[in-house]
Amino acid sequence: MEQAPPDPERQLQPAPLEPLGSPDAGLGAAVGKEAEGAGEESSGVDTMTHNNFWLKKIEISVSEAEKRTGRNAMNMQETYTAYLIETRSVEHTDGQSVLTDSLWRRYSEFELLRSYLLVYYPHIVVPPLPEKRAEFVWHKLSADNMDPDFVERRRIGLENFLLRIASHPILCRDKIFYLFLTQEGNWKETVNETGFQLKADSRLKALNATFRVKNPDKRFTDLKHYSDELQSVISHLLRVRARVADRLYGVYKVHGNYGRVFSEWSAIEKEMGDGLQSAGHHMDVFRGYMCRYASSIDDILEDEEHYADQLKEYLFYAEALRAVCRKHELMQYDLEMAAQDLASKKQQCEELVTGTVRTFSLKGMTTKLFGQETPEQREARIKVLEEQINEGEQQLKSKNLEGREFVKNAWADIERFKEQKNRDLKEALISYAVMQISMCKKGIQVWTNAKECFSKM
Amino acid sequence: MEQAPPDPERQLQPAPLEPLGSPDAGLGAAVGKEAEGAGEESSGVDTVFVVVVVLFTFVQMTHNNFWLKKIEISVSEAEKRTGRNAMNMQETYTAYLIETRSVEHTDGQSVLTDSLWRRYSEFELLRSYLLVYYPHIVVPPLPEKRAEFVWHKLSADNMDPDFVERRRIGLENFLLRIASHPILCRDKIFYLFLTQEGNWKETVNETGFQLKADSRLKALNATFRVKNPDKRFTDLKHYSDELQSVISHLLRVRARVADRLYGVYKVHGNYGRVFSEWSAIEKEMGDGLQSAGHHMDVYASSIDDILEDEEHYADQLKEYLFYAEALRAVCRKHELMQYDLEMAAQDLASKKQQCEELVTGTVRTFSLKGMTTKLFGQETPEQREARIKVLEEQINEGEQQLKSKNLEGREFVKNAWADIERFKEQKNRDLKEALISYAVMQISMCKKGIQVWTNAKECFSKM
């Protein structure tokens with residue numbers, strides 16, 4: 001299992017000069033910064049086509065979603081949604097963008113891509129996918145996967161996922177990722193041929209390591225706690241947000257009732273005639289305002305979903321953080337086991353050499369039962385053990401090295417991730433505040449108009 | 001039952017020059033206008049009742065001085081009291097302090113002239129009295145006895161301080177409405193209500209107004225059987241029913257909006273808690289999140305004051321809900337008088353018919369006398385003459401009564417309609433003002449929201 005810095009076979013060379021996401025401001029700025037970092041990592045091996053691809057700016061977008069029916073592995077008919085991924089390269093000189101690749105992918109292929117990245121980049125906090133099923137819904141939204149609003153939000157989430165990868169200095173150079181964007185047919189087979197599933201750590205093994213590891217790096221232990229707490233806080237935040245949305249919806253809709261009452265009222269004032277007719281007219285105008293106000297909440301809450309989606313991404317990022325921590329624990333445990341095994345072998349060897357038997361061994365038992373072994377036999381055994389010890393020391397040395405490399409690289413990516421998180425969450429919160437302010441301003445407008453209306457009665 | 005223009009015995013003379021309510025702008029303006037109207041009506045009354053004025057000179061000296069100055073009426077305090085009721089059982093009730101101030105023209109200083117305590121039942125007594133003696137006036141309503149249209153936060157308990165406070169304001173409003181009414185403000189019982197603490201109840205009861213009140217049964221009967229009521233009153237009755245329905249509806253919507261708005265604001269308090277939790281686990285963003293959380297808490301607690309203020313708007317609407325009933329009372333009075341008139345006319349026509357029959361000797365209508373004549377024999381000419389004479393007297397009396405009832409009826413309609421026009425203008429003004437206040441309140445709420453979220457945005461930007 002390779003734990004070294006990015007495997008050149010997986011990477012495209014040289015490093016992309018300017019991988020660029022969609023014209024999304026925040027992400028674009030983030031991308032720009034990371035691209036600069038990427039430029040420094042370039043090295044020798046290269047393929048001409050890949051060079052040209054990455055030398056230009058690229059824009060990736062998941063532009064459409066389409067319902068399809070097909071037959072699945074069990075030859076049963078199923079309905080699924082396919083997403084159109086378009087890649088454009090942007091000429092430096094004139095800023096024009098040219099469509100270079102365009103293909104359809106379904107959600108399961110995105111999942112496959114991510115599973116692959118998780119195996120080959122265990123030290124990277126791999127961007128999460130948008131949720132498979134709608135959660136934290138408030139009453140208005142359907143929890144149906146086929147619901148157009150959900151599909152639309154998933155489309156945006158998948159685009160975001162690809163942009164996150166494209167803007168990551170290491171992940172963006174992965175060949176399988178490149179093929180995901182460019183090779184429609186046969187991609188699944190290509191991924192499976194890497195044999196990544198075999199290389200994946202079993203969950204049981206990881207769980208075991210988590211419980212038995214003796215000396216994990218304290219920073220990872222703290223990080224694990226932090227990601228648990230972050231997940232908890234964000235879940236809590238999303239629940240509160242759903243409740244606010246729900247009640248806000250109620251308030252706005254009830255204002256529609258005001259409209260109806262005023263409509264009734266204007267009718268009876270008009271009946272009374274004489275000068276009160278104008279009152280009736282103004283009441284009708286007021287009713288119009290109230291109805292528009294009441295229906296404005298739908299758009300407001302549409303927009304607000306995006307803010308919720310930004311928070312959700314970080315909810316899922318917490319799991320990605322924990323995955324890196326688990327990998328460290330596994331490696332550390334592996335190291336500890338190897339060291340323990342080596343120490344035990346050394347002990348055995350020493351006992352054989354000195355003749356003292358302090359540790360229990362089967363050989364010792366058989367010696368007692370069947371008689372001492374011959375000096376030749378003992379020499380042979382010592383030789384075998386010494387070879388094993390040598391091998392073990394080599395392995396331990398390299399595991400140690402790998403472990404330290406892993407920690408170094410992982411921590412570098414975690415620092416990068418922390419900055420990204422702070423930036424993104426700060427932006428999300430500011431957006432939420434801006435949205436609230438905008439709502440209040442609209443409210444002022446509506447009620448100022450209403451006041452005008454009443455003044456004229 | 002007097003139906004004539006305001007009874008001089010009930011009225012204070014001369015008409016007050018400037019009855020002035022509390023410094024409440026809207027109502028004050030309204031009062032000013034109506035006082036001017038009052039001024040125009042007084043001269044005619046003065047000349048007719050000049051003799052009566054002389055008789056009441058001594059009593060009036062104090063009253064004159066009272067009314068010549070501006071007066072301010074306020075219900076300034078409410079106090080819980082315990083006492084023994086009519087059945088000698090202990091009870092708790094609230095007493096309200098009514099203060100009357102006269103304001104010197106020259107320096108605008110106000111001097112406390114009267115101050116006494118009244119309980120809700122005495123207000124009710126005052127109103128019942130006014131309803132009997134001024135049936136052509138749309139008498140201002142009292143604030144509700146029990147809290148209705150509450151949304152969840154308000155207690156429906158009569159002893160609740162918020163409810164008592166709002167009732168205090170309502171009672172003050174009631175007195176100001178009367179004081180600013182060109183006719184009602186001159187009522188002696190009203191004057192005594194403000195000035196004579198002890199014995200007032202006895203004084204009111206001594207007027208014997210309860211005896212003069214129309215029974216509800218009689219009024220109901222008239223409503224169903226009247227043949228030709230003035231169409232304007234019929235329309236007015238429909239209007240007041242519909243107005244009551246619309247305002248009830250409006251109040252229900254308002255309660256629902258208040259309830260949900262309360263929910264939205266309070267849930268923002270949860271945001272405060274979450275930000276606080278979050279600030280504990282973040283290093284760089286900690287401070288920003290903490291202060292943002294604080295702003296959320298401020299936002300959440302701001303709703304209490306907002307909804308306090310909004311209650312006033314609701315109370316203004318409720319007053320008109322109750323005014324609808326006062327309108328209907330005037331309509332019922334008209335129907336009663338009209339029915340009375342129709343019955344008297346019918347009775348007169350029947351007597352005339354009887355008389356004619358006796359004179360001509362033809363029997364077209366059924367009468368007991370006719371029956372007994374058939375059974376026991378014709379009556380003597382003397383008997384018949386006597387009966388004709390009696391009938392002719394009755395007919396004369398009846399014609400006089402009918403003429404005066406007719407006059408009373410027309411006077412009533414004229415005076416009632418004048419007051420109704422006055423009421424309509426008042427209603428339009430007040431409701432327009434209430435709606436504008438509601439819009440202003442909503443705008444103010446939005447502005448506060450902008451402030452809170454701008455502060456929060458600042459906090460986030462600094463993270």
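Residue numbers start from 1 in every chain, and the chains themselves are labelled A, B, ... in the order their sequence lines are given, proteins ahead of strands.
- For Met285(B), the part lying under 4.5 angstrom from a heavy atom of chain A is the side chain only.
- Side-chain atoms of His334(B) come within 3.5 Å of backbone N or O of Asp230(B) as a donor-acceptor pair.
- Using a 4.0 Å cut-off between a side-chain N of Lys or Arg and a carboxylate O of Asp or Glu, Arg219(A) and Asp222(A) do not qualify as a salt bridge.
- Remark: Arg241(A) engages Glu305(A) in a salt bridge, criterion side-chain N to carboxylate O under 4.0 Å.
- Checked by atom type, the side-chain pair Tyr323(B)/Glu319(B) shows no donor-acceptor distance below 3.5 Å.
- Of the atoms belonging to Glu284(B), it is side-chain heavy atoms, and not backbone ones, that fall under 4.5 Å from chain A.
- When heavy atoms are compared at a cutoff of 4.5 Å, Lys266(B) does not approach chain A at all.
- With a threshold of 4.5 angstrom between heavy atoms, Leu243(B) approaches chain A through its backbone and through its side chain.
- Chain A forms more heavy-atom pairs under 4.5 Å with one residue of His238(B), Gln442(B), Lys457(B) than with any other, namely Gln442(B).
- Between Asp228(A) and Arg322(A) a salt bridge is recorded (basic side-chain N to carboxylate O distance below 4.0 Å).
- Judged by distance alone, the side chains of Tyr314(A) and Gln420(A) do bring a donor and an acceptor atom under 3.5 Å apart.
- At a 4.5 Å heavy-atom cutoff, Lys442(A) makes no contact with chain B through either its backbone or its side chain.
- Heavy-atom distances place the side chain of Phe262(A), and not its backbone, under 4.5 Å from chain B.
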